[in-house]
K.L.:
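Below you will find the structure I want to go over with you.
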Amino acid sequence: MLYTKSRTELSAEDFRNPPVCYRGAPFWSWNCLITREMIDEQIRCFRKMGMGGFHIHVRVGLKNQYLDEDFLELVCYCDQKARENGMLCG
């Protein structure tokens, strides 16, 4: 769950400028060959659109071997990049 505050902690400022935990967090479908460059570019786009984070969602068509060492390294890289950009990775 990405929400870090309870509903009783919401302020008027949270509505004017929501923290990342209340911003959009789309399902990010991984359904092709995933690379570090692709991850960097997509996270830049999500941040520019005002998203608070994203959920990695593996789909049919993924060219990387699911759950192998390289795949898991890309997931860790993705989480690291999200943190560096002040975003949440689910």
K.L.:
Between CD1 of I39 and SG of C89, what distance do you get to the nearest 0.5 Å?
P.N.:
9.0 Å
K.L.:
Output all residues satisfying salt bridge (charged side-chain N to carboxylate O under 4.0 Å, His left out) with D79, sequence neighbours left out; order by chain, then residue number.
P.N.:
R83
K.L.:
Test side chain to side chain contact (heavy atoms under 4.5 Å, CB included) on H57 and H55; report intermediate values, then the result.
P.N.:
CA-CA 6 Å; H57 186 63; H55 302 270; 5.7 Å; no
K.L.:
For side chain to side chain contact (heavy atoms under 4.5 Å, CB included), just list the numbers for L74 and E69, CA-CA rounded to whole Å, side-chain angles, deciding distance to a tenth of an Å, and then say yes or no.
P.N.:
CA-CA 9 Å; L74 288 169; E69 188 175 327; over 6 Å; no
K.L.:
Please round to the nearest 0.5 Å and tell me the distance separating atom CE of M87 and atom CZ of R47.
P.N.:
8.0 Å
K.L.:
Going by salt bridge (charged side-chain N to carboxylate O under 4.0 Å, His left out), name the residues that satisfy it together with E13, two or more places apart in sequence or in a different chain.
P.N.:
R16
K.L.:
How far does CE of M49 sit from CZ of R23, to the nearest 0.5 angstrom?
P.N.:
12.0 Å
K.L.:
Assess the residue pair F46 and N85 against the criterion (side chain to side chain contact (heavy atoms under 4.5 Å, CB included)); give the C-alpha distance rounded to whole Å, side-chain angles, the decisive distance to 0.1 Å, and a yes or no.
P.N.:
CA-CA 10 Å; F46 285 150; N85 283 278; over 6 Å; no
K.L.:
Would you mind writing out the side-chain donor-acceptor pairs for residues 24-37 within the sub-3.5 Å range, not counting sequence neighbours?
P.N.:
unit_1, atom_1, unit_2, atom_2, d
T35, OG1, M38, N, 3.0
R36, NH2, E73, OE2, 2.3

K.L.:
Could you walk me through whether Q80 and E84 satisfy the side chain to side chain contact (heavy atoms under 4.5 Å, CB included) test, starting with their C-alpha distance in whole Å, then the side-chain angles of each, then the deciding distance to 0.1 Å, before giving a yes or no?
P.N.:
CA-CA 6 Å; Q80 171 193 339; E84 288 174 10; 2.9 Å; yes
K.L.:
Could you tell me if the side chain of D70 sits less than 4.5 Å from the side chain of N64, heavy atoms only?
P.N.:
no
K.L.:
Atom CG in D40, atom SG in C78: separation rounded to 0.5 Å?
P.N.:
9.5 Å
K.L.:
Using every non-hydrogen atom in the two residues, find where F15 and S11 come nearest and quote the distance to one decimal.
P.N.:
CD1-O, 3.2 Å
